[in-house]
There are 2 protein chains.
Amino acid sequence: MVYTSEHPIFYVTTDIVVLTLMDGVLSALAVRRDEDPHAGELALPGGFVREGEDLDAAARRRLADETGVEVDELVLEQLRTYGAPDRDPTRGRVVSVAHLSVIPAPLAASPGARTREALWLPVAELPGTLAFDHNQILDDAIERTKAKLEYTALATSFLDAEFTLAELRSVYESIWGSELDPGNFQRKIRNSEDFVEPTGQTRRSPSGRGRPAELFRARKRRTEQLASPLTRVAL
Amino acid sequence: MVYTSEHPIFYVTTDIVVLTLMDGVLSALAVRRDEDPHAGELALPGGFVREGEDLDAAARRRLADETGVEVDELVLEQLRTYGAPDRDPTRGRVVSVAHLSVIPAPLAASPGARTREALWLPVAELPGTLAFDHNQILDDAIERTKAKLEYTALATSFLDAEFTLAELRSVYESIWGSELDPGNFQRKIRNSEDFVEPTGQTRRSPSGRGRPAELFRARKRRTEQLASPLTRVAL
DNA sequence: TCAAAAGTGTTTTTTTTACACCCATGC
DNA sequence: GCATGGGTGTAAAAAAAACACTTTTGA
């Protein structure tokens, strides 16, 4: 491999914003850094991309390594690349390709084997607590997530494979911070081509009371475009 | 500056997809490469990011250098980063931060001073003519552009500072490939908060015939979110 | 005065919203 | 039976679509 030195040298990292709903609270995964730039501070999981490694493969690997989050069909999309010249002055020119991932709460609650100090922080309680430009990255990720709920099947990524429409509705309500009419929500989802499909089974509500709800599964594999957007259903 | 060599070394480039409408035909700017990987082939304008240079500054500089396109308030947004390990095997690991830019046709038609061989190609006539992974980048850019017409003021970026609503409508029609009802379009645009504002002047149509149209200017600086989306106005 | 292009009005259709009501279950 | 949450019906309101019609200009 030929490295001509006529061009400046960069290091490339990936940072991953992993979002989940912990009891209805939008939360992001953070790790406490033990290496020196910003050692001891909180940051997004991430790290250097290896030789011959794809950008999203690096994100997947670091996520598994640092936090134990490892899924076969993990929703992971590129968010944006952050490359301000002074964003990591101690280590040279470091460009970070940020990724966004959304996982179901139960998965989030079971830390894997190699988990160091990884913790879920409600995004509302993160005014400026993260190292580097990670607060900016987190903000961008949240904005993108809110927007994508409207025109993709992303909401289902916060839930397990099978879910009730009430659970799905509560994803929207939690993230948008507004209440949705249950009846109208029901119709919109059922009428959206290719969004969800019934499993034929039902599940009783956690309290045990009330009519059992039908179970659905996502038809689109999680974050694809919807035929028609959902338009923030009103109260 | 300290370069530890424990992490792999990357080169970072920017590639820019510049779109315009040449007589109603969506066209992208391409350059003929004179350096060796893929010398003689067509490619997107772009090049290596310099030391201490911001990613979008690099895109702006390369665009001006290679093609003579230089605007004070150039619409330029990050599209996506392409970093497959084998995307440029001859030069090592090269990651490209692709950008998207939209400029008015007249500006496109006047090549600047340092223009090498830069040419506008109708995007429909580019099945797979570009070097590297630039066909993929172009496809992504076009998809993004089509989508953004719906919910941002991006359409105005294809036009000069002052334009008629018929001109604006023809931007949508050209890019979406469908006809729009002139009356309904008029109303939608006028009723969209913060989209356009009248200049108070009028302009006769190119043929000279017909009632002169009111002139408008973009209120939102070109690619920001609209209060309410435009929903592909129908025939 | 006629054709052409801009712009307005008006009706029909569709979608969204609000909210009443019925259904299925556990206690 | 009754409280609770799931799910359906329906009428009012708003938005979108279709299209007729008026306006302003040059030839």
Side-chain angles (χ1 to χ4, degrees), chain A residues 23-24 149-151 155 159 162-174 176 178-193 195-217 226-235, chain B residues 23-24 149-151 155 159 162-174 176 178-193 195-217 226-235:
Chain A
D23 300 312
L149 285 190
E150 248 173 299
Y151 59 92
L159 301 173
E162 303 200 343
F163 49 85
T164 69
L165 293 188
E167 288 165 351
L168 183 61
R169 176 164 48 86
S170 99
V171 170
Y172 286 89
E173 292 178 330
S174 300
W176 283 346
S178 56
E179 305 226 318
L180 272 40
D181 181 286
N184 294 337
F185 183 82
Q186 190 106 200
R187 246 181 312 243
K188 282 214 107 171
I189 301 299
R190 290 185 127 106
N191 293 341
S192 290
E193 219 33 59
F195 191 2
V196 297
E197 65 186 5
T199 65
Q201 309 207 233
T202 59
R203 174 196 292 165
R204 282 187 284 290
S205 85
S207 65
R209 271 182 285 283
R211 173 176 171 178
E214 283 184 56
L215 281 174
F216 292 82
R217 74 172 69 89
L226 251 37
S228 53
L230 286 183
T231 66
R232 277 173 150 81
V233 196
L235 175 84
Chain B
D23 300 312
L149 284 191
E150 249 174 297
Y151 59 91
L159 301 173
E162 304 201 341
F163 49 84
T164 69
L165 293 187
E167 288 165 351
L168 184 61
R169 175 163 49 85
S170 101
V171 171
Y172 285 89
E173 291 178 331
S174 300
W176 283 346
S178 56
E179 304 226 319
L180 273 41
D181 181 284
N184 293 337
F185 183 82
Q186 190 107 200
R187 248 181 310 247
K188 281 213 110 172
I189 301 299
R190 291 186 126 104
N191 293 341
S192 290
E193 220 34 58
F195 190 4
V196 297
E197 64 185 6
T199 65
Q201 310 208 232
T202 60
R203 173 196 292 164
R204 282 185 286 288
S205 85
S207 66
R209 268 184 287 284
R211 172 175 172 178
E214 283 184 56
L215 282 174
F216 292 82
R217 72 172 69 89
L226 251 36
S228 53
L230 286 183
T231 67
R232 275 173 151 82
V233 195
L235 173 83

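Letters A, B, ... mirror the listed sequences (proteins, then strands); counts begin at 1. Just so you know, these numbers come straight off a predicted model, no measurement behind them.
For the contact set between residues 163-174 of chain A and DNA chain C, defined by any heavy atom under 4.0 Å, there are no members. Within a heavy-atom distance below 4.0 Å of DNA chain D, the residues of residues 196-205 of chain B found are Arg204(B).
Put simply, CG on Leu165(A) and CZ on Phe185(A) are 6.5 Å apart, with the number rounded to the nearest 0.5 Å. Of the inter-residue distances, the one linking Ser174(B) atom OG with Leu149(B) atom CG reads 10.0 Å to the nearest 0.5 angstrom. Between the CD1 atom in Ile189(A) and the CG atom in Leu226(A) there is a gap of 7.5 Å [rounded to 0.5 Å]. Lys188(B) contributes atom NZ, which lies 11.5 Å from atom CG of Asp181(B) (distance to the nearest 0.5 angstrom). Here CZ of Phe216(B) is found 10.0 Å from CD of Glu197(B). Values are rounded to the nearest 0.5 Å.
In this structure, Glu179(B) places its CD atom 15 Å from P of dA17(D), rounding to the nearest Å. The CZ atom of Arg211(B) sits 10 Å away from the P atom of dA6(C) (whole-angstrom rounding). Per the geometry, CD belonging to Gln186(A) stands 19 Å off P belonging to dC19(C), to the nearest Å. Atom pair Lys188(B):NZ and dG7(C):C1' shows a separation of 18 Å (rounding to whole Å applied). As a whole-Å value, the separation of Leu180(B) CG from dA18(D) C1' is 13 Å. In this structure, CG of Leu215(A) is placed 12 Å from P of dG6(D), rounded to the nearest angstrom.
Using a 4.0 Å heavy-atom criterion, one finds that Arg209(B) contacts the sugar-phosphate atoms exclusively. Using a 4.0 Å heavy-atom cutoff across all strands shown, Gly208(A) reaches sugar-phosphate atoms only and no base atom.
The side chain to side chain donor-acceptor pair (under 3.5 Å) with Glu214(B) is formed by just one residue from the set Gln201(B), Arg203(B), Arg190(B); it is Arg190(B).
Listed candidates were dG7(D), dA18(C), dG7(C). Nearest to the side chain of Asp181(A) is dA18(C). Relative to the side chain of Pro212(B), the nucleotides dA5(C), dT25(D), dC19(D) differ in distance, and dT25(D) lies closest. Picking from dG6(D), dG7(C), dA18(C) the nucleotide with the shortest atom distance to the side chain of Asn184(A) gives dA18(C). The side chain of Arg187(A) approaches dA18(C) more closely than any other nucleotide in the set dG6(D), dA18(D), dA18(C).
Crowding of Asp23(A) atom CG: a count of heavy atoms from other residues, nucleotides or ligands under 6.0 Å not exceeding 12.
Using a 4.0 Å cut-off, some side-chain N or O of Arg190(A) falls inside it from OP1 or OP2 of dT8(D).
Proximity of Glu150(B) to Trp176(B): side-chain heavy atoms (C-beta onward) are separated by under 4.5 Å at one or more points. Side chains of Leu215(B) and Thr202(B) form no contact here, defined as non-hydrogen atoms less than 4.5 Å apart.
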